[in-house]
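A quick write-up on the structure given underneath.
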Amino acid sequence: MLIATWNVNSLRVRLPQLLDWLSMAKPDVVCLQEIKMVTDDFPFDAIGEAGYEAAAWGQKTYNGVAVLSKLPIEEVVQGFPGEEGQARLLETVIEGVHVISAYCPNGETPGSEKFQFKKRFYAALRAHLDGLGKNSTPLAICGDFNIAPEARDVWDPLKAAKTCGFHPDEIKWLKHLTDWGLHDSLRLVDQQGGQYSWWDYRTGGFSKNQGMRIDQIWVSDALKPKVTKAWIDTEPRGWDRASDHTPVLAEIKL
DNA sequence: ATGTCTTATATAATAAGA
């Protein structure tokens, strides 16, 4: 099962790129974030013609998550207690694997109200995993975590530690979440630093490779030994009218 | 380094979120 995650930053704008990328990369399952449309506007027909079932949960203007799958989607759950109503989490079951598309809050700036919301979101997500039971559940939680796990995942760690995405408090929240028993799929197979999934539009970060690896695919203990490949596909970030994020992939031999 | 992209309101230009 080839799983991908991509924050598309508006599916309305990025749909042609998504369809092109699906035909190129041929993933089995794709988690999307920031579709920025209500569920009724989701392009189920175009996605269907590309060979994918879809589960989507959107809202007006902001956020919005979806899961696309070539394989049957068996269950769909929107959100979790404590999420405070924003369309940021969609849980599916595909081939017996819990596949979660997550769009964690940005946090704005340390000390802000949105930073506190990000903290609450992470705590609620951990509580949600605890409610799933043991980490022997085959589970892949994929998405835009808006936190880079380690210094090697950030182009300027000292600067980033003062802002959102690599602040010491955030590292603690992410660690508490993943201490449930989650493994960063890329790091199971590749230790190279300087690999990013997001580059700021404002600073022209992509051309200078000044980015952060804030999009990840985390797998539970049950899937850890089955991860055979994991990589970041930087090509779509170079396309015209690109999202500020690029797809992240993991191959899991079920 | 307040820069760039997206959406909403509204139908030109600004605000907000990221």
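Chain naming here is simple, since letters A, B, ... match the order of the sequence lines and numbering starts at 1 in each.
- With the nearest nucleotide of DNA chain B identified for both A/Ser243 and A/Glu34, A/Ser243 has the one nearer the 5' end.
- The aromatic rings of A/His167 and A/Phe115 stand perpendicular to each other, their planes meeting at an angle above 60°, with 30° marking the opposite boundary.
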| message | Apply side-chain contact (heavy atoms from CB on, under 4.5 Å) to residues A/Arg152 and A/Gln192 and explain how you reach the verdict. | response | CA-CA 8 Å; A/Arg152 60 179 162 168; A/Gln192 186 68 43; over 6 Å; no
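- Heavy-atom nearest nucleotides on DNA chain B were determined for A/Arg14 and for A/Glu108, and the one closer to the 5' end corresponds to A/Arg14.
- Between A/Arg126 and A/Asp179, some side-chain heavy-atom pair lies under the 4.5 Å cut-off.
- A straight line from CZ of A/Arg88 to P of B/dG17 spans 12 Å, rounded to a whole angstrom.
- When rounded to the nearest whole Å, the span between CG of A/Asp240 and P of B/dT4 equals 16 Å.
- The separation between A/Asn9 atom CG and B/dT6 atom C1' is 6 Å, rounded to whole Å.
- Using P as the reference atom, B/dA1 and B/dA15 are 24 Å apart when rounded to the nearest Å.
- Within a 6.0 Å sphere centred on NZ of A/Lys253, other residues, nucleotides and ligands contribute 12 heavy atoms or fewer.
- B/dA10 and B/dT6 have their P atoms separated by 22 Å, with the value rounded to a whole Å.
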| Pairing string, 5' to 3', for DNA chain B - Watson-Crick or wobble contacts under 3.5 Å, brackets [ ] where pairs cross, | to another strand | ...((((((...))))))
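- The distance from atom CZ of A/Arg202 to atom C1' of B/dA18 is 6 Å, rounded to the nearest whole Å.
- When heavy atoms are screened at a 4.0 angstrom cut-off, A/Phe206 is found touching no nucleic acid atom at all.
- Between A/Pro105 and A/Arg120, the closest side-chain pair of non-hydrogen atoms is not below 4.5 Å.
- Contact annotation: A/Ser10 side-chain N/O to B/dT7 OP1/OP2 distance is under 4.0 Å.
- Nucleotide B/dT6 holds its P atom 19 Å from the CD atom of A/Gln59, rounded to whole Å.
- Taking only side-chain atoms of A/Asn106, from C-beta outward, the nucleotide of B/dT7, B/dA18, B/dA8 with the closest atom is B/dA18.
- Taking atom P in both B/dT14 and B/dG3, the straight-line distance is 14 Å, to the nearest Å.
- Between A/Thr61 and the phosphate of B/dA8, there is a side-chain N or O to OP1/OP2 separation shorter than 4.0 Å.
- Which of B/dA18, B/dA1, B/dA8 sits closest to the side chain of A/Gln210 comes down to B/dA1.
- Checked against the 6.0 Å centroid threshold, A/Tyr103 and A/Trp57 do not count as a close aromatic pair.
- Nearest nucleotide to the A/Tyr103 side chain, out of B/dG3, B/dG17, B/dA18: B/dA18.
- Residue A/Lys208 places none of its side-chain N or O atoms closer than 4.0 Å to OP1 or OP2 of B/dG3.
- Atom pair A/Met37:CE and B/dT6:P shows a separation of 13 Å (rounding to whole Å applied).
- Atom pair A/Asp41:CG and B/dA8:P shows a separation of 9 Å (rounding to whole Å applied).
- The aromatic rings of A/Trp218 and A/Phe145 lie perpendicular to each other, with more than 60° between the two planes, well past the 30° mark.
- The CE-P distance, from A/Met212 to B/dA18, rounds to 15 Å in whole Å.
- Not less than 6.0 angstrom separates the ring centroid of A/Trp21 from the ring centroid of A/Trp239.
- Of the P atoms belonging to B/dA12 and B/dG17, the separation is 26 Å, rounded to the nearest Å.
- For A/Arg12, the side-chain atoms get nearest to B/dT7 when compared with the rest of B/dA1, B/dT7, B/dG17.
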